[in-house]
There are 2 protein chains.
Amino acid sequence: MAAKAPFEQRKKHIIELLKQGKLLVVNELAKKFNVSEMTIHRDLNKLQQQGHIERTYGGAVPAERMEFEFDFASRRASNQKAKKAIAQEALKFVQPGQRLILDTGTTTLELAYLLKDFENLTVITPSLAVASVLQFSSGIQTVLLGGIIRKGSPDLTGVVAEKVLDMFMVDIAFQGADGIGLNGELFNTDMRIAKVDQKMRKRANQTYVLCDSSKIGKIDFASNGSLAEVNALITDSGITPEQFQSLKKICSEIIVSKI
Amino acid sequence: MAAKAPFEQRKKHIIELLKQGKLLVVNELAKKFNVSEMTIHRDLNKLQQQGHIERTYGGAVPAERMEFEFDFASRRASNQKAKKAIAQEALKFVQPGQRLILDTGTTTLELAYLLKDFENLTVITPSLAVASVLQFSSGIQTVLLGGIIRKGSPDLTGVVAEKVLDMFMVDIAFQGADGIGLNGELFNTDMRIAKVDQKMRKRANQTYVLCDSSKIGKIDFASNGSLAEVNALITDSGITPEQFQSLKKICSEIIVSKI
DNA sequence: ACATACTTATAACAATTACTAACATTTTAT
DNA sequence: ATAAAATGTTAGTAATTGTTATAAGTATGT
């Protein structure tokens, strides 16, 4: 780690770091390239003029970050630990080399965070949020379903999304749900997501529904099917014995996380 | 875990924590980043002003809105005035009620900025950058092509994108180009984009190529067709008379912006 | 309810760290 | 070998961060 980097091989390297989503810090770069901090300052100023970066105090950030804004009203108070625990259980089913569908929703988003460092996976998702989390994971190929972008919503739905799903068969689909009736009926708040969820199950060898216990016994607007059609429900320990008994009649397996 | 990180690094880290649903506590953050609590207070106040969080006594919670970023390296800086002028010319062809395809590229991205306040348009695009610009435009329905997300690249390509294009017919396609040969041949740096560009022309009644003059006479890797297939080339006044004459033989119309 | 103790937030100034500019030195190219 | 470009050094300036003191918010006990 000693030879001084000739010329502006550094720039190439720096731009590479940017593509990986890294933040640039002056003194780290100076050490990395074995040059003085002054040189890094000059490099960064040039890169700024070329429009690659924006300078910040102490370093630099990518010039143009495109970002999507979503409304996540629910996220705040609710059940984050439970969702994480559910995602952990779901993770146990994932093997390297598999192809997955990851549905929209905050619980499946937690699973996306856990999959980040996995090797050799293909993930198909209608969720821009999931795609954003996985975009820099070198071991994961992310396929975004197409479709209409709705303001404040992170997911792509509609005919396009359904058509694209028809192009693939995957090993496992991980779905969310906004409500599960005690008869095992699966609900979404949004009808369009319900349709996409139905289609997902048809394109996967196995389907797991990830749903925290607060939504069990809650019905919602759009029914997309029944727990009878899936391999397992994964939920948290907040599920009551009565709910468990009731759902067990319909669902072949119910996995309850520790938390 | 000792080194102090500058603000931008802390900010990124804090936002990451937010996305994972952690609630922020001032003294924990101070320890985590090895800075004083005063600094964390200042950070959180800044983040509040930027709309990322809401402050609570002793810490902070996520705001309702959450942002997800896609990074891509682009130098919007180079030739930006020319690109803006080209986009202005392209804009003249757009009428309310139309359906458009907007290709990937920095010039078409400029056009997206101009379309933002248009009424009653449908825009189909393979570009996450274009989609992010248009996401909050109430008068525009944005359809994102599906496909594989490549690291550091803002566009969706591949079989999926092409299949989705087959689902639509539009009024106008606005394309970019990475190079145009003096024989009118259209080039892309990326083969996958070349294929998508070919398909776009088939699905549009009219096609316009938006390309700043610096790329005229430059050939690149992947040919996607010829100016003979399009309705017009829109470029800037940097085009030389020789280039103009040469391309005029092939292209039915060449529109030159003032700048 | 009120007052008390306790924690957290802000303000002002001091200390630290990062940035810029000018000049010296090294490296690269002709 | 010389000019040109790039890098390093130093000192001075600007921005951020830390410290202390004071204010404001929360929680408790009577």
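Predicted model only: the values in this text are computed from it and were never measured. Proteins get letters first, then strands, A, B, ... in listed order; numbering begins at 1 in each. Hydrogens, waters and symmetry mates are skipped; everything else that's a heavy atom, side chains included, is used.
- For A:N34, no side-chain nitrogen or oxygen approaches OP1 or OP2 of D:dT7 to under 4.0 Å.
- Residue B:F7 contributes atom CZ, which lies 17 Å from atom C1' of C:dT17 at whole-angstrom precision.
- Looking at heavy atoms from C-beta onward, A:I254 lies in side-chain contact with A:L247 at the 4.5 angstrom threshold.
- The existence of a salt bridge linking A:K84 and A:E110 is confirmed by a sub-4.0 Å separation between a basic side-chain nitrogen and an acidic carboxylate oxygen.
- One can place CD1 of A:I40 at 13 Å from C1' of D:dG8, the figure rounded to the nearest angstrom.
- The separation between A:D43 atom CG and C:dC19 atom C1' is 15 Å, rounded to whole Å.
- One can place CG of B:L23 at 16 Å from C1' of C:dT8, the figure rounded to the nearest angstrom.
- The two residues B:V133 and B:K116 have their closest heavy-atom pair at O-CE, 3.6 Å.
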Contact list (N/O, under 3.5 angstrom) for nucleotides 19-25 of chain D vs protein:
residue: D:dG25; atom: N3; partner: B:Y57; partner atom: OH; Å: 3.3

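- Remark: B:R150 engages B:D155 in a salt bridge, criterion side-chain N to carboxylate O under 4.0 Å.
- At whole-Å resolution of the value, CD in B:Q48 and C1' in C:dA9 are 12 Å apart.
- In this structure, the NZ atom of A:K46 is 11 Å from the P atom of D:dA5, given to the nearest Å.
- The pair A:D71-B:R65 counts as a salt bridge, with a side-chain nitrogen and a carboxylate oxygen less than 4.0 angstrom apart.
- Salt-bridge formation is detected for the pair B:E89/B:K258: a Lys NZ or Arg NE/NH1/NH2 atom is positioned less than 4.0 Å from an Asp or Glu carboxylate oxygen.
- Atom CG of B:L44 is separated from atom C1' of C:dT8 by 12 Å (rounded to the nearest Å).
- Following rounding to the nearest Å, A:R55 (CZ) and D:dA15 (P) show an atom-to-atom distance of 13 Å.
- Distances from the side chain of B:V35 to the nucleotides D:dG8, C:dA9, D:dG18 place D:dG18 closest.
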